[in-house]
Q: 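Here it is: the structure, laid out below.
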Amino acid sequence: MFSEIPIELKNISEKDIDKEFMRIAIMAEFDAINMYEQMANLTDNEDLKTILLDIAKEEKVHAAMFQTVLMEVDHEYLKVMASYALAKE
């Protein structure tokens, strides 16, 4: 997990800044998913486990939301994702 943006904003072009923010947000969501799922696996308290897994699922939705928007603005990423998805069929 990180608590600050892991890039130097001055090194990012203005046209790419939003894409970088979305990638950072996706990383943060995956960090949160991992943290909640790991805690759920470590606890014996079933109520807490249920809550943690529910929150992890919400974080997955957030990650998907950011990925969807990223694909709308990063056409290269969209092509890679589409190509990979089609190759898996």
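The first residue in the sequence is number 1, and the count goes up from there. This one's a predicted model, so the numbers in the text were calculated from it and none came from an experiment. As a basis for the values below, the full set of heavy atoms in this structure was taken, side chains included, without hydrogen atoms, waters or symmetry mates.
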Q: Can you check whether Q38 reaches N41 side chain to side chain, under 4.5 Å on heavy atoms?
A: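 Of all side-chain heavy-atom pairs linking N41 with Q38, none is under 4.5 Å.
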
Q: Any chance you could measure M22, atom CE, to E72, atom CD, to the nearest 0.5 Å?
A: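 Here the rounded value is 8.5 Å.
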
Q: Any chance you could measure K57, atom NZ, to L52, atom CG, to the nearest 0.5 Å?
A: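 So the gap between those two atoms works out to 15.0 Å.
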
Q: Tell me every residue that passes salt bridge (Lys or Arg N to Asp or Glu O under 4.0 Å) with K60, counting only those two or more places apart in sequence or in another chain.
A: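 E37.
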
Q: State which residues pass side-chain hydrogen bond (donor to acceptor under 3.5 Å, both in side chains) with K49; sequence neighbours excluded, sorted by chain then number.
A: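 K49 satisfies side-chain hydrogen bond (donor to acceptor under 3.5 Å, both in side chains) with no residue once adjacent residues are dropped.
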
Q: Could you measure the distance from the CD1 atom of I33 to the CG atom of L53? Nearest 0.5 Å is fine.
A: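 One finds 12.0 Å between CD1 of I33 and CG of L53.
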
Q: Quick one: does T43's side chain have a donor or acceptor within less than 3.5 Å of a partner on M39's backbone?
A: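 Checking the backbone N and O of M39 against the side chain of T43, no donor-acceptor pair under 3.5 Å is found.
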
Q: Once rounded to the nearest 0.5 Å, what's the spacing between atom CZ of F30 and atom CE of M27?
A: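 The CE atom of M27 is 11.0 Å from CZ of F30, to the nearest 0.5 Å.
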
Q: Using the test side-chain contact (heavy atoms from CB on, under 4.5 Å), find all partners of K19 that sit at least two apart in sequence or belong to another chain.
A: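 Listed in chain order: D16, R23, L70, V73, D74.
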
Q: Under 4.5 Å side-chain heavy-atom separation, chaining through any Ile, Leu, Val, Met, Phe, Trp or Tyr, what else clusters with V61? Say none if it is isolated.
A: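 V61 clusters with M65.
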
Q: Among the clusters formed by ILVMFWY side chains lying less than 4.5 Å apart, do I17 and F66 turn up in the same one?
A: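 The answer is no; the residues belong to distinct hydrophobic clusters.
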
Q: Run the side-chain contact (heavy atoms from CB on, under 4.5 Å) test against D54 and tell me which residues pass, sequence neighbours left out.
A: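 D54 satisfies side-chain contact (heavy atoms from CB on, under 4.5 Å) with E58 once adjacent residues are dropped.
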
Q: Under 4.5 Å side-chain heavy-atom separation, chaining through any Ile, Leu, Val, Met, Phe, Trp or Tyr, what else clusters with V80? Say none if it is isolated.
A: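 Traced through the cluster, V80 reaches no other member.
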
Q: Are any side-chain N or O atoms of T50 and backbone N or O atoms of E46, one a donor and one an acceptor, separated by less than 3.5 Å?
A: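 Side chain of T50 to backbone of E46, a donor-acceptor pair under 3.5 Å: yes, one is there.
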
Q: Mind checking side-chain contact (heavy atoms from CB on, under 4.5 Å) for L78 and listing every partner two or more places apart, or none if nothing turns up?
A: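 Counting only residues at least two positions away or on another chain, L78 forms a side-chain contact (heavy atoms from CB on, under 4.5 Å) with M71.
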
Q: With clusters defined by side-chain heavy atoms of hydrophobic residues (ILVMFWY) lying less than 4.5 Å apart, directly or transitively, does V69 cluster with F21?
A: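 No; V69 is not reachable from F21 via cluster members.
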
Q: Who passes side-chain contact (heavy atoms from CB on, under 4.5 Å) against I55, sequence neighbours left out?
A: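 So I55 forms a side-chain contact (heavy atoms from CB on, under 4.5 Å) with Y36, I51, E59.
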
